[in-house]
Amino acid sequence: MTDLTRLTIAEARAKLRGKEIKAAEITDAYLAAIDQANPVLNAYVTVTHDKACDMARASDARLGKGEGGALEGIPLGIKDLFATEGIHTQACSHVLDGFKPRYESTVSANLWADGAVMLGKLNMDEFAMGSSNETSYYGPVINPWRRSRIDTSVVPTTHEGDGGFTAPGGIKTERALDNAQLVPGGSSGGSAAAVSAFLCAGATATDTGGSIRQPAAFTGTVGIKPTYGRCSRWGIAAFASSLDQAGPIARDVRDAAILLKSMASVDAKDTTSVDRPVPDYEAAIGRSIKGMKVGIPKEYRVDGMPEEIETLWQKGIAWLKEAGAEIVDISLPHTKYALPAYYIVAPAEASSNLARYDGVRYGLRVPGKDIVDMYEKTRAAGFGNEVKRRIMIGTYVLSAGYYDAYYLQAQKVRTLIKRDFENVFAAGVDVILTPATPSAAFGIADEDMASDPVKMYLNDIFTVTVNMAGLPGISVPAGLDPKGLPLGLQLIGRPFEEETLFQTAHVIEQAAGTFQPQKWW
Amino acid sequence: MSVDLQTVKRVARLARIAVSDEEASRMTGELNTILGFVEQLGEVDVSGVEPMTSVTPMEMRKRQDAVTDGNKAADIVANAPATEENFFLVPKVVE
């Protein structure tokens, strides 16, 4: 029998509807894979065995009656940032110790309403603050990808099946892998690692500055951050409310389209949820991109960018050109200011959102001699270093006398960043192609990044502009670096034109193939 | 602009996070690195530019002024560290 965890969502959906397999079987296969792999990869912080089995049985009953929903029987992982009723929801922070909400987030409720099965809660950077999944209270997630000992640029780089690559002619080649543990990226590191390692068919994730797209790029998976307002933020622990958006991480472009269709909705409980119908994203896949105008922004060619990133970008340009797109050089002049503006706006919003964790209504409480002492001790013990750092920056930039110099200036720069995009879209550009990240996955406990927080922040240099402007962006795997690690390309679209992103990303996927890590765990 | 140890301690107090002297001095360095990084925003000419208030132009949707939810005090206090008869318990604040 084929390994059921290897099926894409689209393949599993067909087999479930055709009654070739049962939801209970596919769920069992995933639970077994998680039980085997999770002690090593640490992608899940809670596995909901019983709930998964109950949901799968209910799916089988509905499928038997021909009443299956769009995701009937599909086993998914949920990022720990989403409230799941009665189940561990801590944003991977100690401050939410023991929190089990009495309500369900809108996004996860949409998935269950469509018949999906919950496997458990996925590890992440604490409160989604981080780019390596190392700030989690539950410890780092390990990337299922490892470096190859040999330079893969001298051997064929096709890539199929379970790992490494398949040489032309179908001969499978095992790679000698380096033992160094790599990060999966962050903050949705657990989501990306679980999807990449076949520990769920797809996963929910969130993206405030790159937290879906960067880990997707680091793990050879597809991740889309939709337009701000497309997915409801209700029931998602807030980090920076004007930037946060939920989206899926999946194994291929079609699966990402299927998941986003279910996750997105119009929700009265989120006042920034946009009142427009959710299109059938999957229908966009396979549409020709002939005549589409693809913009290449010169500002994304940054100093010190590794050669393989530039090469990958050029490959992407060539693929789109071959498919009939028109390539145009564009300028987004305020790009370099997006990251510094983000590091004012996001911490400012975080410092106010995270004020609620005070040891009174939920989570951890450390006793003190009076109420203020209790607050201060609870927050000192409950938050990790990165979260404290951001609360401190946010509190400082919002404090009396500094508001105009920092926050107001950053919000004005944000207007200029958005205007840059509006100008190129008005000039007829349909989609923008950039690298997703400035490098491939790096090592756990990287000393450079540990000693300088700004070095870690630079991971989001290509993704953060999209959040600042509220636009949709997708990261799609496009190749391997010379060490055999996956690299991604990013496509940025007009507001609410996610369909264009799926359509174009699929062209890249057709040319580049899909990428799976070689199993070592 | 940069911060000194005293400012960091004051900000920590505003943020209601207890910090030791050692932590405060480590944070001073880290915060100055970050503030040094964001300093470059000062070079952008923003004259005549409106600060962003909403990323997508939208009017705030308002719902009807009607009771749509409630009668779930037990759910609301269910996750609290200390409660009594559906009240949150806190250390004494009024003498």
Side-chain angles (χ1 to χ4, degrees), chain A residues 98-102 227-229 242 268 271-272 274-275 334 336-337 340-341 343-344 351 355 358-365 368 370-372 374-377 379-380 383 388-389 391-393 395-396 399 402 405-406 408-416 418 452-454 457 469-470 495, chain B residues 1 3 7-8 10-20 23-24 26-27 30-31 33-58 60-63 68-69 72 74-83 88-93:
Chain A
F99 184 59
K100 291 193 168 74
R102 295 293 180 107
T227 313
Y228 185 78
S242 77
T271 53
T272 61
V274 171
D275 190 5
H334 296 91
K336 72 174 273 212
Y337 300 110
Y343 274 97
I344 291 173
S351 72
D358 56 4
V360 175
R361 287 157 296 168
Y362 25 64
L364 186 75
R365 172 185 286 195
D370 54 34
I371 193 163
V372 172
M374 187 271 282
Y375 292 153
E376 290 187 342
K377 282 186 170 143
R379 290 163 65 79
F383 293 133
K388 283 182 192 170
R389 210 152 35 224
I391 293 175
M392 294 282 288
I393 285 284
T395 307
Y396 176 70
S399 65
Y402 297 102
Y406 287 113
L408 203 63
Q409 178 79 6
Q411 289 290 43
K412 286 178 180 171
V413 171
R414 197 172 169 191
T415 299
L416 293 172
K418 186 163 181 258
D452 180 353
V454 172
Y457 299 169
Chain B
M1 275 176 269
V3 291
T7 312
V8 168
R10 184 178 60 83
V11 172
R13 181 83 184 163
L14 285 172
R16 297 284 185 260
I17 297 173
V19 290
S20 65
E23 279 174 307
R26 195 196 66 229
M27 279 179 178
E30 290 168 353
L31 298 195
T33 305
I34 299 166
L35 292 171
F37 173 66
V38 303
E39 200 84 331
Q40 55 183 302
L41 286 180
E43 70 197 43
V44 184
D45 179 9
V46 294
S47 44
V49 178
E50 286 293 311
M52 183 180 282
T53 47
S54 171
V55 75
T56 32
M58 54 167 76
M60 169 110 86
R61 266 202 323 273
K62 296 168 203 82
R63 66 174 179 87
T68 58
D69 203 355
K72 48 173 74 162
D75 279 347
I76 287 164
V77 299
N79 276 287
T83 61
F88 297 113
L89 284 188
V90 295
K92 198 169 177 184
V93 266

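As the structure is a computational prediction, the values presented were derived from the model and not from experiment.
Nearest approach of B:Gly42 to A:Gln409, heavy atoms of both residues: CA-NE2, 4.2 Å. Between B:Glu50 and A:Thr415, the closest heavy-atom pair is O-OG1, 2.6 Å. Residue A:Lys377 comes nearest to B:Ala18 through the heavy atom pair N-CB, 4.4 Å, listed as atom of the first residue, atom of the second, then distance. The nearest pair of heavy atoms linking A:Met392 to B:Leu31 is CB-CD1, 4.0 Å. Residues A:Gly363 and B:Pro81 come closest through the heavy atom pair O-CG, 3.4 Å.
With a threshold of 4.5 angstrom between heavy atoms, A:Ala268 approaches chain B through N, CA, C or O but not through any side-chain atom. Of the two parts of A:Pro453, only the side chain, counted from C-beta on, holds a non-hydrogen atom closer than 4.5 Å to a non-hydrogen atom of chain B. Contacts of B:Arg26 with chain A are made by side-chain atoms alone, with heavy-atom separations under 4.5 Å and no backbone atom involved. Proximity to chain A is limited to the side chain of B:Val93, based on heavy atoms less than 4.5 angstrom apart. Looking at B:Phe37, the atoms closer than 4.5 Å to chain A (heavy atoms on both sides) sit in the backbone and in the side chain alike. Residue B:Thr7 touches chain A through its side chain alone, counting heavy-atom pairs closer than 4.5 Å. Contacts between A:Ala410 and chain B at a heavy-atom distance below 4.5 Å involve backbone atoms as well as side-chain atoms. For B:Val3, the part lying under 4.5 angstrom from a heavy atom of chain A is the side chain only. Proximity to chain A involves both the backbone and the side chain of B:Gln40, based on heavy atoms less than 4.5 angstrom apart. Interface remark: A:Thr271 contributes backbone and side-chain atoms alike to the contact with chain B (heavy atom separation under 4.5 Å).
Of the charged side-chain nitrogens involved, none lies within less than 4.0 Å of a carboxylate oxygen, so that A:Lys388 and B:Glu30 do not count as a salt-bridged pair.
Ranked by non-hydrogen atom pairs under 4.5 Å with chain A, the options B:Ile17, B:Val38, B:Val11, B:Leu41 are led by B:Leu41. Of the listed residues (A:Ile391, A:Val413, A:Val360), the one with the most heavy-atom contacts under 4.5 Å to chain B is A:Val360. Among A:Tyr375, A:Tyr228, A:Tyr396, the residue making the largest number of heavy-atom pairs under 4.5 Å with chain B is A:Tyr396. Contact tally against chain A (heavy-atom pairs below 4.5 Å) for B:Leu89, B:Thr53, B:Ile76, B:Thr83: the top residue is B:Leu89. Looking only at heavy-atom pairs under 4.5 Å with chain B, the residue among A:Asp370, A:Thr227, A:Val372, A:Asp358 that has the most is A:Val372. Interface check for chain B: of the options A:Tyr362, A:Phe383, A:Tyr337, the most heavy-atom pairs under 4.5 Å are formed by A:Tyr337.
Within the model, atoms CZ of B:Arg10 and OG of A:Ser399 stand 5.5 Å from one another, a figure rounded to the nearest 0.5 Å. Put simply, CD1 on A:Ile393 and CD1 on B:Ile34 are 4.5 Å apart, with the number rounded to the nearest 0.5 Å.
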(request) Please step through side chain to side chain contact (heavy atoms under 4.5 Å, CB included) for the pair B:Val55 and A:Arg414, ending with a clear verdict. (result) CA-CA 9 Å; B:Val55 75; A:Arg414 197 172 169 191; 3.9 Å; yes

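Between the side chain of A:Arg102 and the backbone N or O of B:Ala74 there is no donor-acceptor pair closer than 3.5 Å. B:Asn79 contributes a side-chain N or O that, together with a main-chain N or O of A:Lys100, makes up a donor-acceptor pair within less than 3.5 Å.
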